[in-house]
Amino acid sequence: MPQREDIANHGAIVNLLTRTPADELYRQADRVRHDAVGDEVHLRGLIEFSNICRNDCMYCGIRRSNASVQRYRMSDDELVATARSAVALGFQTIVLQSGEDMHYNQQRMCHIIEQIKRMDVALTLSIGEREYADYQAFRQAGADRYLLRIETTDRDLYHRLNPGMSWERRHDCLLMIKELGYELGSGIMVGQPGQTVQSIADDLLYLKGIGIDMAGIGPFIPHPGTPLASEQGGTLELALRTMAVMRLLMPDINIPATTAMESLHPQGRIMALKAGANVVMPNVTEGEYRRLYELYPGKICVNDTPVHCRSCIALKIRSIGRSIGKGRGGHITHKNSLTQS
Ligand code: SAM
Ligand code: FES
């Protein structure tokens, strides 16, 4: 294993991703996580409030062209009520995620944000690419964090898999979000068709370079209703390795054990928590909507309730000797953080 200061180097990262024995890599990431951010696991309540999207990402189950999806969008009141129930369950961060659904315009989103912020929680948005004025208004309305994966830094791959979109535009969105003082979350999908470990190493260096506060890294899982239905998909091992290297590169950021990891293996999130992760985002969406927000097949917990999901993950976390985070769990060294408790 290279020393920590030698890790931010392309060749060393490729080695870690491909050659270092997995157990050794996970152990080191776990140690770095313990030393930098401690043993608490922060829970975020994830609300998937609309599966309507203007984009057509080739891998995504809710892409615009997938005509077999039954579409939904929550009303503003329904969304705020879902957040209220999640807060009552003890969540101190609410994450609002959706397709790029412009029904939720600036004014509507700001009104929703203001109502949720009155509940005295941290609020993360994951609603895709918007104009600067929107990001600014959401921030002023109280949004604390924003999650937008860059997906890959391989421009050709990005443009192949995200038709009609621009990698440069996505990159600019990340810079705007950062400039506005949000805690910035980004990340990649591992195992996209045509993605190489060389480009994953580039991605990790890019994420470090832009100074993210949170890294969401998950495997690509082919969806039958998309043009990539017959592709192989990413492996849990490569996704875990990538996440572990991210931890070595950025010891004190927040890293979730992603739902997609658990969709590939019943213990996927626990494996991730033992390999560098310190956050879990249980789904607090209610009823039918859980099933309809199908980014990939085999999504976990679609028939469960928010109460069940919270207690299930809490049990799992305690079973590995970790504790549930007591505060809002913001990035401990974020400069403009309004979210520390
Ligand atoms: N529209 C918002 C955006 O673009 O950031 C948020 C929703 S989007 C569905 C959230 C993430 O889901 C994407 O960034 C992508 O990495 C992931 N995703 C989409 N399809 C997937 C698939 N088939 N397998 C695994 N992850 C997928
Ligand atoms: Fe828009 Fe997936 S294509 S959320």
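Indexing begins at 1, ligand by ligand and atom by atom, following the structure's order. What's counted below: heavy atoms across the whole structure, side chains too, no hydrogens, waters or symmetry copies.
- No salt bridge links Asp77 with Arg84; every basic N to acidic carboxylate O contact stays at or beyond 4.0 Å.
- Using a 4.0 Å cut-off between charged side-chain N and carboxylate O, Lys299 and Glu294 make no salt bridge.
- Excluding water, every protein N/O/S atom under 2.8 Å from atom 2 (Fe) of ligand 2 is given here by residue and atom: Cys60 SG.
- For the pair Asp101 and Arg73, the salt-bridge criterion is met [side-chain N within less than 4.0 Å of a carboxylate O].
- In this structure Arg170 satisfies the salt bridge (charged side-chain N to carboxylate O under 4.0 Å, His left out) test together with Glu129, Glu151, sequence neighbours excluded.
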Could you list the donor-acceptor pairs under 3.5 angstrom formed between side-chain atoms of residues 227-235 and any protein atom two or more places apart in sequence or on another chain?
{"from": "Thr235", "atom 1": "OG1", "to": "Leu238", "atom 2": "N", "distance (Å)": "3.0"}

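- The protein residues lying under 4.0 angstrom from ligand 1, judged by non-hydrogen atoms, are Tyr59, Cys60, Gln97, Ser98, Gly99, Ser126, Gly128, Leu148, Arg149, Glu151, Arg170, Met189, Pro219, Phe220, Ile221, Tyr293, Leu295, Tyr296.
- Taking the centre of each ring, Phe49 and Tyr104 come in below the 6.0 Å mark.
- Between Lys117 and Glu114 there is no salt bridge, since none of the side-chain N atoms of the basic residue sits less than 4.0 Å from a carboxylate O of the acidic one.
- The residues Arg328 and Glu183 are annotated as not salt-bridged, no charged nitrogen and carboxylate oxygen being separated by less than 4.0 angstrom.
- A salt bridge does not link Lys274 to Asp30: none of the charged nitrogens lies less than 4.0 Å from a carboxylate oxygen.
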